[in-house]
Amino acid sequence: ENSEAASMRSLHEKLLSPDRHRKDPEEVQRDYERKQELAKKKRQEMETQRQERLRDADAQRQQRLMLILEKRKTDKNTIDERLRKAEALYQQRLLERQQKAGKE
């Protein structure tokens, strides 16, 4: 009988527990608004992170582009310098041949 009374008391406590009671409409509305606000903050945070990733990716792309352009400029300068040296050497040898031919 004690066990039966204890189980009845336990059942009674479960049924009267605050978790079993319906929330009033204001409380439901507050919970809904709180959840909506949290979701909005999370969306804003995710958008901020996305924008940051896009900015970082763009900065990296710009840096790679600058490196490529600098390499092209350096390569072009190197080629131009080699061509100037080759032309100067050609002119020098041509002049030497002309002088040698003139002496003969």
Side-chain angles (χ1 to χ4, degrees):
E1 194 173 300
N2 280 341
S3 140
E4 194 176 303
S7 73
M8 286 297 286
R9 234 186 340 252
S10 173
L11 179 61
H12 184 70
E13 287 172 6
K14 285 180 185 176
L15 292 174
L16 291 180
S17 127
D19 296 335
R20 300 242 339 138
H21 293 291
R22 280 198 152 178
K23 296 179 180 180
D24 59 11
E26 292 85 19
E27 192 176 352
V28 171
Q29 183 66 27
R30 279 193 306 271
D31 287 348
Y32 171 78
E33 289 172 357
R34 189 183 73 247
K35 285 180 183 179
Q36 290 299 313
E37 187 63 31
L38 286 173
K40 181 180 178 183
K41 284 181 184 178
K42 186 158 188 138
R43 283 192 303 272
Q44 288 173 340
E45 196 175 294
M46 290 171 63
E47 180 62 20
T48 301
Q49 290 173 352
R50 187 181 75 82
Q51 292 292 333
E52 197 173 302
R53 282 193 309 273
L54 287 173
R55 277 193 303 274
D56 289 347
D58 190 47
Q60 288 178 353
R61 198 169 25 257
Q62 289 293 330
Q63 187 176 12
R64 281 194 306 269
L65 179 62
M66 292 303 292
L67 288 173
I68 288 170
L69 293 175
E70 185 63 34
K71 183 171 179 355
R72 284 182 188 169
K73 183 178 175 184
T74 303
D75 290 350
K76 184 179 181 330
N77 289 342
T78 302
I79 291 170
D80 289 346
E81 184 62 29
R82 285 182 181 175
L83 288 173
R84 278 192 296 275
K85 284 181 182 178
E87 180 65 26
L89 186 60
Y90 173 75
Q91 292 296 331
Q92 181 184 356
R93 288 189 179 156
L94 186 62
L95 184 62
E96 288 172 359
R97 277 192 224 128
Q98 289 172 349
Q99 289 173 349
K100 186 177 179 183
K103 289 181 182 178
E104 290 179 359

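Residues: numbered from 1 along the sequence shown. As the structure is a prediction and not an experimental result, all values here were calculated from the model.
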Roughly how far, to the nearest 0.5 Å, is [atom2] of [Y] from [atom1] of [X]?
X: Arg50; Y: Arg55; atom1: CZ; atom2: CZ; result: 10.5 Å
X: Leu94; Y: Leu89; atom1: CG; atom2: CG; result: 11.0 Å
X: Met66; Y: Lys73; atom1: CE; atom2: NZ; result: 9.0 Å
X: Glu52; Y: Gln49; atom1: CD; atom2: CD; result: 7.5 Å
X: Ile68; Y: Asp75; atom1: CD1; atom2: CG; result: 11.5 Å
X: Glu47; Y: Lys42; atom1: CD; atom2: NZ; result: 15.0 Å

Can we say Glu37 and Arg34 salt-bridge, meaning some charged N sits less than 4.0 Å from an Asp/Glu carboxylate O?
no

Should Asp58 and Arg61 count as an ion pair when the cut-off is N to O under 4.0 Å?
yes

Lys40/Arg43 under side-chain contact (heavy atoms from CB on, under 4.5 Å): CA gap, chis, key distance, verdict
CA-CA 5 Å; Lys40 181 180 178 183; Arg43 283 192 303 272; 3.7 Å; yes

Verdict with supporting geometry, Leu83 and Glu87, side-chain contact (heavy atoms from CB on, under 4.5 Å):
CA-CA 6 Å; Leu83 288 173; Glu87 180 65 26; over 6 Å; no

Would Ile79 and Lys76 satisfy side-chain contact (heavy atoms from CB on, under 4.5 Å), going step by step from the backbone distance to the final call?
CA-CA 5 Å; Ile79 291 170; Lys76 184 179 181 330; 5.7 Å; no

Just wondering, more than 12 heavy atoms not from Arg72 lying within 6.0 Å of its CZ?
no

Please determine whether the number of non-hydrogen atoms from other residues, nucleotides or ligands lying under 6.0 Å from atom CD of Gln63 exceeds 12.
no

Flag the pair Lys71 / Thr74 as yes when at least one side-chain heavy-atom distance between them is below 4.5 Å, and no otherwise.
no

Option from Gln29, Gln36, Lys35 for which side chain to side chain donor-acceptor pair (under 3.5 Å) with Glu33 holds:
Gln29

